[in-house]
Engineer: 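Supplied in structure tokens, the structure appears directly below.
Ligands are counted one by one from 1 in listed order, and the atoms in each one are counted from 1 as well. Side chains are part of it too, since the values below use all heavy atoms of this structure and drop only hydrogens, waters and symmetry mates.
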Amino acid sequence: MSQGNFIELEHVDFSYGDRQILRDVSLCVPKGKLVAIMGGSGSGKTTLLKLLSGQVRPDRGRVTVGDARVDNIDSAGLYRLRRRMGMLFQFGALFTDLSVLDNVAFPLREQTDLPESMIRDLVLMKLEAVGLRGTAGLMPAELSGGMARRVALARAIALDPELMLYDEPFTGLDPIALGTIAFLIKRMNAALGATAVMVTHDVHVSLDVVDYIYFVADGGIVAQGTPDEVRVSNDPFVRQFVHGEADGAVKLQYPARDYATDLGLGRAGHA
Ligand SMILES: Nc1ncnc2c1ncn2[C@@H]1O[C@H](COP(=O)(O)OP(=O)(O)OP(=O)(O)O)[C@@H](O)[C@H]1O
């Protein structure tokens with residue numbers, strides 16, 4: 001592992017059964033940085049997060065997080081690693097039968113022996129950080145979608161994680177709520193000094209908050225760069241992604257037989 005990196009994937013192959021999803025993927029995330037992973041649907045982005053959290057193991061290659069080799073970690077090591085990780089997944093579901101305070105307190109009660117009075121203070125600090133201290137006594141059903149996502153963020157950072165994993169944290173939010181959560185993610189990360197990886201489709205918001213972007217397609221990293229590099233990139237894949245072009249490096253048309261053959265027309269001159 002190179003000095004300064006908190007995460008490294010080196011020459012990782014991964015398959016579900018006999019279907020290969022990732023091929024010879026290498027990437028790194030320096031400590032304290034927020035990195036986005038973008039790419040088309042089904043390109044393997046969530047699988048990359050699962051490799052980092054030890055939910056799946058690579059067929060080949062190394063996965064290093066902090067001082068842990070996650071590709072061959074044992075269950076005690078995985079438990080220690082998960083305690084240092086916070087996760088905010090799509091729709092970051094709250095426990096509907098617990099108050100906001102109890103939702104954010106959940107990981108603190110599960111993972112620590114802190115007294116109740118201290119847990120309460122920590123929860124209020126985390127809720128204050130996401131601007132929602134006033135909602136502590138509410139139930140999740142009484143929150144808007146954007147507020148619920150912010151409470152889920154407060155819960156994800158309750159244990160001051162060293163690593164944050166975000167999977168589509170903006171899905172289903174209106175533009176204002178989306179901008180708020182993006183800003184909070186950036187601010188929380190800086191305050192925690194955490195290293196973070198965010199899978200997202202939302203290229204424009206991400207370019208405003210992340211330090212670096214990896215683009216994934218066809219099982220590999222096809223482009224990468226800082227937001228400034230990405231904005232001016234001439235790489236066809238990046239251009240298609242950033243400018244929302246319908247056709248480009250990723251083809252609009254799914255591969256198919258010759259059109260004339262499909263229509264039963266035969267080839268010109270043979271009809
Ligand atoms: N548990 C599983 N078993 C078998 N195949 C799976 C499993 N999970 C995902 N896949 C397949 O692996 C591929 C990559 O999935 P992954 O969820 O990593 O993609 P993604 O890039 O995150 O997609 P999206 O942006 O649509 O969420 C997909 O084709 C998916 O169908």
Engineer: Which residue and non-hydrogen atom of the protein lie closest to atom 26 (O) of ligand 1, and at what distance in Å?
Structural biologist: Ser41 OG, 2.6 Å
Engineer: For a quick test of reading the model, state the closest non-hydrogen atom pair linking His204 to Val242 and the distance between them.
Structural biologist: NE2-O, 3.1 Å
Engineer: Answer with yes or no whether the hydrophobic clustering places Tyr79 together with Leu108; edges join I, L, V, M, F, W, Y residues whose side-chain heavy atoms lie under 4.5 Å apart.
Structural biologist: no
Engineer: Checking the N or O distance criterion of under 3.5 Å, is ligand 1 in contact with Lys50?
Structural biologist: no
Engineer: Starting from atom 1 (N) of ligand 1, what is the nearest protein heavy atom, named by residue and atom, and what distance separates them?
Structural biologist: Tyr16 CE2, 3.7 Å
Engineer: Rounded to the nearest 0.5 Å, how far apart are OG1 of Thr200 and NZ of Lys45?
Structural biologist: 9.0 Å
Engineer: Could you tell me how the ring of Tyr214 sits relative to the ring of Tyr212: parallel (under 30°), tilted (30 to 60°) or perpendicular (over 60°)?
Structural biologist: perpendicular
Engineer: If you have a sec, work out which protein heavy atom is nearest atom 12 (O) of ligand 1 and how many Å separate them, to one decimal?
Structural biologist: Ile21 CD1, 3.3 Å
Engineer: Write out the residue and atom name of the closest protein heavy atom to atom 24 (P) of ligand 1, then the distance separating them to 0.1 Å.
Structural biologist: Gly42 N, 3.6 Å
Engineer: Taking the minimum heavy-atom distance to atom 19 (O) of ligand 1, which of Ser15, Gly44, Gly17 ranks first?
Structural biologist: Gly44
Engineer: Starting from atom 15 (O) of ligand 1, find the nearest protein heavy-atom neighbour and note its residue, name and distance.
Structural biologist: Thr47 OG1, 3.8 Å
Engineer: Could you pull out the closest heavy-atom pair between Leu22 and Gln20, with the gap in Å?
Structural biologist: O-NE2, 3.2 Å
Engineer: With a cut-off of 6.0 Å (strictly less than), are more than 12 heavy atoms of other residues, nucleotides or ligands near CZ of Arg120?
Structural biologist: no
Engineer: Has Gly40 got any heavy atom lying under 4.0 angstrom from an atom of ligand 1?
Structural biologist: yes
Engineer: Do any heavy atoms of Gly39 fall under 4.0 Å from ligand 1?
Structural biologist: no
Engineer: What is the closest protein heavy atom to atom 25 (O) of ligand 1, and at what distance does it sit?
Structural biologist: Lys45 NZ, 2.7 Å
Engineer: Starting from atom 29 (O) of ligand 1, find the nearest protein heavy-atom neighbour and note its residue, name and distance.
Structural biologist: Arg19 NH2, 2.7 Å
Engineer: Kindly indicate whether the side chain of Thr96, heavy atoms from C-beta on, has any atom under 4.5 Å from the side chain of Met139.
Structural biologist: no
Engineer: Answer yes or no: does an N/O atom from Thr46 fall short of 3.5 Å to an N/O atom of ligand 1?
Structural biologist: yes
Engineer: Looking at His201, which atoms of ligand 1 are within less than 4.0 Å of one of its heavy atoms?
Structural biologist: 25 (O)
Engineer: With the 4.5 Å side-chain cut-off for hydrophobic clustering, are Ile119 and Phe106 part of the same group?
Structural biologist: no
Engineer: Just wondering, do Val100 and Leu132 contact through their side chains at under 4.5 Å, heavy atoms?
Structural biologist: no
